[in-house]
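Step one of this worksheet: look at the structure below.
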Amino acid sequence: MFPNEAARKSSGNKATRQRCGLKGILADAVPPLRPESENLLSHPVSRRTFGRLLTAGAAATTLPALAASAQPDQNAVPAAGSGKFPEGFLWGSATASYQVEGAVKEDGRGQSIWDTFSHTPGKTHNGDTGDVADDDYHRYREDIAIMKELGLKTCRFSIAWPRIFPEGTGKPNPKGLDHYQRFVDELHNAGIEPFCTLYHWDLPQALEDKGGWQNRATSEAFAAYCGYTAGKLSDRISHFMTTNEIETFTDLGYKNGTHAPGLQLDPKAFAQVCHNAVLGHGLAVQAIRAQAKAGTQVGLAENISSTVPAIATDEHIRAGRTAIQEENARYMNVIQTGKYTDAYLKKLGPNAPQFTDADLKAISSPLDFVGINVYTPTYVMAAPGSDLGYQVVPFPTSYPHMFSDWLHIGPEALYWGPKLAHEVWGIKTIYITENGASSDDKLTPDAQGNMQVLDTDRTMYLRNYLTQLHRGVSEGVPVKGYFLWSLLDNYEWADGYEKRFGITYVDFQTQKRIPKLSSRFYKATIAANAVS
Ligand code: PNW
C-alpha cells in the first residue's frame with residue numbers, strides 16, 4: 001500500500017473519518033429539519049436565514065451571472081427519465097496547477113509546499129514529483145484544443161499562488177500573471193468559459209516557513225493574493241473559487257501528514273488550522289468583491305460529505321439532513337451558517353479553535369455559487385436513541401471501489417449531495433466542480449494498430465453518476481454545470497503518476513495524449529446534452 005492510500009484509508013476515506021467523528025453529542029444540538037415533502041419557501045426560516053436568503057437573492061438580481069447572460073432558461077426542468085439536461089447546462093473539465101503544469105522553475109515561480117514535499121524521499125509513490133507533470137505550462141494550446149474537440153463549454157483550472165507571489169506576499173511576479181492571461185485568452189478563443197480556482201493546495205513555501213495555515217497571517221495573505229489576482233483577471237474571468245477542498249488539504253496535510261506539508265498536529269493546533277483555512281476563504285471572498293469587476297461571481301469548491309440515506313425512507317432521509325450539517329461542521333456548514341455547531345464545539349472541548357464573531361461573519365460571507373466535488377457517498381441511517389439521531393454506515397470490505405481504494409462507487413451521491421445541500425443550506429446555484437474516477441488504464445491496439453484505452457469501468461462510473469445528477473436536476477435541484485475530473489491523466493498527489501483520473505491518456509515519457517473511451521462517452525453526452 002502506498003502512503004497516500006494509507007492516509008485515505010485512515011482519514012481521506014470519508015466514511016472512515018466520519019465514523020470516528022461526532023459520536024457522543026446530543027441529538028438536540030441539531031436544528032429542526034424540514035420533512036421531505038416541504039419545499040424551502042414553505043418552511044419557516046429563522047430571521048438570520050431569511051436575511052441570508054434576501055442577500056443571496058439581491059446578489060442574484062444585481063450581479064449578472066454567466067448563466068443568465070447566456071440566454072437559455074436554465075430553470076426549465078427536463079423531464080424525469082429523459083436523460084436531457086436543461087438548455088445551457090455547462091459541461092466542463094477540471095484540472096489543478098501543480099497536477100498538470102510542470103515548469104516549476106520557470107518565469108519566476110516561487111517554491112510551493114508540494115515542491116518541497118514531493119522532493120522529500122519516501123513521501124510520494126515512486127518519489128514522483130510535479131516537476132514536469134503534463135507539461136501543460138508549455139502545451140496548454142494543445143490541451144485547450146482537446147477541450148474544444150470534446151465540445152466543452154467551460155473549464156475549471158487553478159492558479160499557482162507562487163507564480164503570482166513567489167514569496168506568498170510582497171512583490172507580484174508579472175510573468176506569472178501573463179501566463180494565466182494567455183491561457184484564459186486561448187480558452188475564450190476556443191469558446192470555453194474559464195472557472196478559476198485560486199488555491200488548489202500549492203501554498204508558497206515561504207508562508208509555510210512561517211507556520212502555513214497554522215498562522216492566521218496566512219489567511220490574510222491568501223485574501224490579499226486573491227483580491228490582487230481577481231482584480232487583474234476579472235476582465236476575462238467571471239467565476240472565481242477561493243479554495244479547493246479545505247477538508248482534504250487540512251486533514252491530509254496537517255493531521256495525517258500524507259500530503260504537503262506533511263504535518264501531524266495535535267487536535268488543538270489542527271482545529272486552528274481548519275479555522276484559519278475557512279477564515280482565509282471568507283476574507284478572500286471579501287477581497288475579491290472589493291477588487292474584482294462588478295458582477296464577478298464568487299464561490300468555492302468543497303468535497304462535502306455527500307450524505308446518502310442507506311434506504312430512501314423518511315426517517316433515513318431526515319438522518320441524511322442532520323448528518324450533512326454535522327459531518328460538514330468544520331467547513332461547509334460554518335461557511336453557510338456562520339456558526340460552528342454545538343456538537344462540533346462540544347466534541348472539541350478545550351481543543352476548540354480560537355475565533356471571534358467577526359471571524360464567523362467573514363467566514364459566512366454570502367456566495368454567488370457553491371461548487372461541490374463528489375466522488376464517494378457517505379451512507380447514513382437513522383439511529384434512534386443515539387446522541388445525534390443518525391449513524392454513518394461503514395463500507396463493507398466487499399464494497400466496490402475504483403482503482404483508488406478510497407473511491408467507493410455510489411452514484412446516488414450525485415443525487416443526494418446537491419439535493420440535501422440545496423434543501424438544508426438554501427444554496428441556489430450549485431456546480432459539480434469535480435467528479436471522476438481512477439482506472440487501471442491499459443493501452444491496447446485497435447484493428448488498425450492505433451493505441452487506445454477502453455476504460456469501460458470509468459465510463460460506467462460516469463454514466464451512472466450522471467444519471468443520478470440528471471435525476472436531481474429533473475426534480476429542480478439547482479445544479480447549473482458539471483466539471484469532470486479530469487481532462488488529462490495527471491500528478492495524483494502522493495499517489496504520483498500511478499493513479500490515472502483522466503479521460504485523456506497521457507504518456508508521461510513522450511507527453512502524447514490519447515483520448516480514452518470515456519472521452520468519447522463524454523463527447524457524446526455533451527453533444528446530446530443528455531446522458532444515456
Ligand atoms: C480531489 N476522498 O481530492 C482533488 O481536488 C484533486 O486534486 C484530486 O486529484 C482528485 O480529487 C482525485 O483524488 C480528493 O478521500 C481527495 O474522498 C480525497 C478524497 C476525495 C477527493
Side-chain angles (χ1 to χ4, degrees), residues 2-19 93-101 112 114 118 124-125 128 130 133-134 136 156-160 195 197-203 241-253 255-256 258-260 300-308 327-328 331 371-379 392 395 399 401-410 413-414 417 431-439 458 461-462 465 483-503 506:
F2 304 114
N4 193 38
E5 286 172 356
R8 286 191 171 168
K9 270 179 186 289
S10 61
S11 159
N13 177 333
K14 303 195 67 123
T16 312
R17 183 176 50 71
Q18 285 149 9
R19 259 181 286 143
S93 65
T95 57
S97 45
Y98 190 69
Q99 294 181 271
V100 297
E101 282 179 357
S112 89
W114 269 97
S118 64
T124 66
H125 171 61
D128 289 345
D134 290 327
D136 172 77
R156 176 177 172 231
F157 73 101
S158 84
I159 290 185
F195 272 54
T197 315
L198 288 155
Y199 185 72
H200 203 124
W201 308 353
D202 30 15
L203 183 71
M241 285 149 283
T242 55
T243 43
N244 177 69
E245 298 196 357
I246 295 173
E247 174 166 28
T248 311
F249 81 73
T250 53
D251 268 5
L252 300 189
K255 188 166 75 182
N256 291 77
T258 52
H259 273 199
L300 83 169
E302 189 61 33
N303 62 324
I304 60 166
S305 292
S306 284
T307 55
V308 173
E327 298 299 321
N328 295 294
Y331 311 105
I372 305 179
N373 297 356
V374 180
Y375 289 93
T376 66
T378 298
Y379 286 117
V392 171
F395 290 106
Y399 195 97
H401 61 79
M402 298 297 293
F403 197 36
S404 309
D405 288 2
W406 58 271
L407 215 176
H408 294 102
I409 303 167
L414 208 38
Y431 293 96
I432 303 305
T433 33
E434 284 181 30
N435 172 240
S438 51
S439 300
R458 182 180 288 105
Y461 175 103
L462 294 171
Y465 274 73
F483 296 81
L484 197 157
W485 186 273
S486 185
L487 179 73
L488 305 169
D489 291 336
N490 58 48
Y491 180 69
E492 178 56 13
W493 306 114
D495 285 337
Y497 296 100
E498 207 232 355
K499 296 287 190 286
R500 294 172 177 270
F501 274 81
I503 56 171
V506 176

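Atoms within each ligand, like the ligands themselves, are counted from 1 in listed order. All values below were derived from every heavy atom in this structure, side-chain atoms included, with hydrogens, water molecules and symmetry-related copies excluded.
To the nearest 0.5 angstrom, E492 atom CD is 10.5 Å from E498 atom CD.
Looking at heavy atoms from C-beta onward, S158 lies out of side-chain contact with N244 at the 4.5 angstrom threshold. The side-chain heavy atoms of F249 and H259, taken from C-beta on, include no pair separated by under 4.5 Å. When side chains are defined from C-beta on, E434 counts as touching E245, because their heavy atoms get closer than 4.5 Å. By the 4.5 Å heavy-atom criterion applied to side chains, M402 and S439 are counted as neighbours. Proximity of Q99 to W493: side-chain heavy atoms (C-beta onward) are separated by under 4.5 Å at one or more points.
For a threshold of 3.5 Å applied to N or O pairs, the pair formed by T248 and ligand 1 contains no separation below that value. Close N/O approach between E492 and ligand 1 is found [any backbone or side-chain N/O within under 3.5 Å]. Of the N or O atoms in E245, one or more lie within a sub-3.5 Å distance of an N or O in ligand 1. In terms of N/O distances under 3.5 Å, ligand 1 is approached by E434. Of the N or O atoms in W485, one or more lie within a sub-3.5 Å distance of an N or O in ligand 1.
For ligand 1, the atoms closer than 4.0 angstrom to any heavy atom of H200 are 4 (C), 5 (O), 6 (C), 7 (O). Of all atoms in ligand 1, numbered sequentially from 1 with element shown, those under 4.0 Å from a heavy atom of Y375 are 10 (C), 11 (O), 12 (C), 20 (C), 21 (C). Counting the atoms of ligand 1 from 1 in the order shown, those under 4.0 Å from a heavy atom of W406 are 2 (N), 13 (O), 15 (O), 17 (O), 19 (C), 20 (C), 21 (C). The F501 neighbourhood of ligand 1 comprises atoms 12 (C), 13 (O), with distances under 4.0 Å to a heavy atom of that residue.
Only the side chain of N244 comes within contact range of ligand 1, with a heavy atom under 4.0 Å; no backbone atom does. Residue-level proximity to ligand 1 for K499 is absent, since no heavy atom of it falls below 4.0 angstrom.
Between Y98 and the choices Y199, Y491, W201, the ring pair (Phe, Tyr, Trp, His ring centres under 6.0 Å) rule is met once, by Y491.
The closest donor-acceptor contact from the side chain of R156 to the backbone of F195 lies at 3.5 Å or more, if one exists at all.
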